[in-house]
2 protein chains.
Amino acid sequence: MPATPRPPLVHPDASSLSLVAVLHALADPTRLTIVRTLRADPERACGTFPVSVAPSTLSHHFRVLREAGVIRQRDEGNRRWTTLRLADLDARFPGLIDAVLATPPDE
Amino acid sequence: MPATPRPPLVHPDASSLSLVAVLHALADPTRLTIVRTLRADPERACGTFPVSVAPSTLSHHFRVLREAGVIRQRDEGNRRWTTLRLADLDARFPGLIDAVLATPPDE
DNA sequence: CCTTACCTTCGACGACCATCGAAAGAGCCG
DNA sequence: CGGCTCTTTCGATGGTCGTCGAAGGTAAGG
């Protein structure tokens with residue numbers, strides 16, 4: 001039995017993003033840390049984020065962000081690379097992600 | 001026993017608003033309708049919002065918005081008037097509330 | 001004083017959420 | 001093949017959320 005390849009990641013279209021879903025995805029401290037980290041470093045592997053939660057919990061947060069359209073992920077070998085969908089977000093909700101990212105942490 | 005007057009409403013300072021709390025307050029369809037209605041009409045009584053939930057549920061949503069610093073409420077006679085804290089929000093999170101309000105409903 | 005209007009609080013209920021550990025899949029390398 | 005790394009899925013758990021109805025309290029007016 002041949003090994004099945006990784007199932008392709010699903011990402012919502014840029015034009016179909018839901019405001020409530022995006023706001024909900026951003027309304028969590030851990031996910032906000034992920035988004036802020038991604039702004040500084042455009043592409044990171046999953047295991048390299050400065051968050052203190054279990055790997056399975058981190059995977060859950062990536063799924064929430066991905067299904068809301070906040071991040072895009074692609075597989076390369078053993079790693080899953082993550083990027084911010086900055087242009088898509090700004091086209092759909094102009095100024096929103098900039099306003100969120102302009103606020104420093106711990107405030 | 002004399003009747004006790006209405007307890008004063010508590011509102012967080014403009015400088016102490018939490019980004020996560022504001023995003024969470026906005027990440028709900030009913031509360032988003034309240035905020036959008038308030039943009040068109042600067043001051044409304046609680047019972048005059050075009051939402052289809054029970055009065056007790058509406059009261060709950062007002063509390064979430066008020067404690068996050070999104071709205072301000074004042075009592076006058078029997079009615080409770082609600083306003084958007086637009087200036088406070090824009091001073092604390094520049095562009096955020098504008099970006100949210102720029103997105104039309106049902107999108 | 002009694003009634004009506006307005007809004008809130010309380011208690012309850014079902015749904016969802018953030019979190020974890022255990023297990024497993026896919027890829028890479030010796 | 002065998003082991004190691006990276007990441008996900010599954011099941012469970014404790015907590016929070018949105019919702020409602022019932023009850024209550026304040027205000028205004030007959």
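Letters A, B, ... are given to chains in the order of the sequence lines, protein chains preceding strands, and every chain is numbered from 1.
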Quickly work out the [X] [atom1] to [N] [atom2] distance and round it to whole Å.
{"X": "A/R74", "N": "D/dC6", "atom1": "CZ", "atom2": "C1'", "answer": "15 Å"}
{"X": "B/L58", "N": "D/dG21", "atom1": "CG", "atom2": "C1'", "answer": "16 Å"}
{"X": "B/E67", "N": "D/dT16", "atom1": "CD", "atom2": "P", "answer": "14 Å"}
{"X": "A/W81", "N": "D/dC6", "atom1": "CH2", "atom2": "C1'", "answer": "12 Å"}
{"X": "B/F49", "N": "C/dC7", "atom1": "CZ", "atom2": "C1'", "answer": "13 Å"}
{"X": "A/L65", "N": "C/dC17", "atom1": "CG", "atom2": "C1'", "answer": "14 Å"}
{"X": "B/L9", "N": "C/dC7", "atom1": "CG", "atom2": "C1'", "answer": "11 Å"}
{"X": "B/R44", "N": "C/dC7", "atom1": "CZ", "atom2": "C1'", "answer": "16 Å"}

Nearest-nucleotide pick for [X], side chain only, options being [options]:
{"X": "A/P55", "options": "D/dT8, D/dC17, C/dC7", "answer": "D/dT8"}
{"X": "A/T30", "options": "C/dT8, C/dT19, D/dT19", "answer": "C/dT19"}
{"X": "A/R79", "options": "C/dC7, D/dT7, D/dC10", "answer": "D/dT7"}
{"X": "A/C46", "options": "D/dT8, D/dG18, D/dC20", "answer": "D/dT8"}
{"X": "A/A54", "options": "C/dC20, C/dT9, C/dA18", "answer": "C/dC20"}
{"X": "A/H24", "options": "C/dA18, D/dC20, C/dC7", "answer": "C/dA18"}
{"X": "B/H60", "options": "D/dT7, C/dT8, D/dG18", "answer": "D/dG18"}

Exercise for the section: Answer with base, sugar-phosphate or nothing: what part of the nucleic acid does A/D75 contact at a heavy-atom distance below 4.0 Å? Expected result: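 Touches nothing.
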Practice task
Scan A/V64 against the nucleic acid and name what it touches under 4.0 Å (heavy atoms): base, sugar-phosphate only, or nothing.
Solution key: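 Counting heavy atoms under 4.0 Å across all strands, no contact is made by A/V64.
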When you check the phosphate oxygens OP1 and OP2 of [N], does a side-chain N or O of [X] lie under 4.0 Å from one of them?
{"X": "A/H61", "N": "C/dT19", "value": "yes"}
{"X": "A/R31", "N": "C/dA18", "value": "yes"}
{"X": "B/R80", "N": "C/dT8", "value": "yes"}

Handout entry: Donor/acceptor link under 3.5 angstrom from B/T57 side chain onto base of D/dG18
Key =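 By the distance-only test, no, there is no pair.
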Problem - Side-chain donor/acceptor contact of B/N78 with base of D/dA28 under 3.5 Å - result: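 A donor-acceptor contact between them is absent.
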Handout entry: Backbone N/O of A/A25 and side chain of A/R31: donor-acceptor pair under 3.5 Å
Key =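 Indeed, once roles are kept as given, a pair shorter than 3.5 Å links the two residues.
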Problem - Any donor-acceptor N/O pair, A/D90 side chain to A/L96 backbone, under 3.5 Å - result: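 Such a contact is absent between A/D90 side chain and A/L96 backbone.
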Exercise for the section: Look at atom CZ of A/R79 and say whether more than 12 heavy atoms of other residues, nucleotides or ligands are closer to it than 6.0 Å. Expected result: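 No - once you tally the heavy atoms of other residues, nucleotides and ligands closer than 6.0 Å, there are 12 at most.
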Handout entry: Polar side chain donor-acceptor pair, A/T83 to A/E43, under 3.5 angstrom
Key =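 No, because no side-chain N or O of A/T83 sits under 3.5 Å from a partner of the opposite role on A/E43.
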Problem - Side chains of A/P50 and A/T37 in contact at under 4.5 Å (non-hydrogen atoms) - result: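 Contact flag for A/P50/A/T37 side chains = yes.
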Practice task
State, with a plain yes or no, whether a side-chain heavy atom of B/H60 is found less than 4.5 Å away from one of B/V53.
Solution key: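 No, side chains not in contact.
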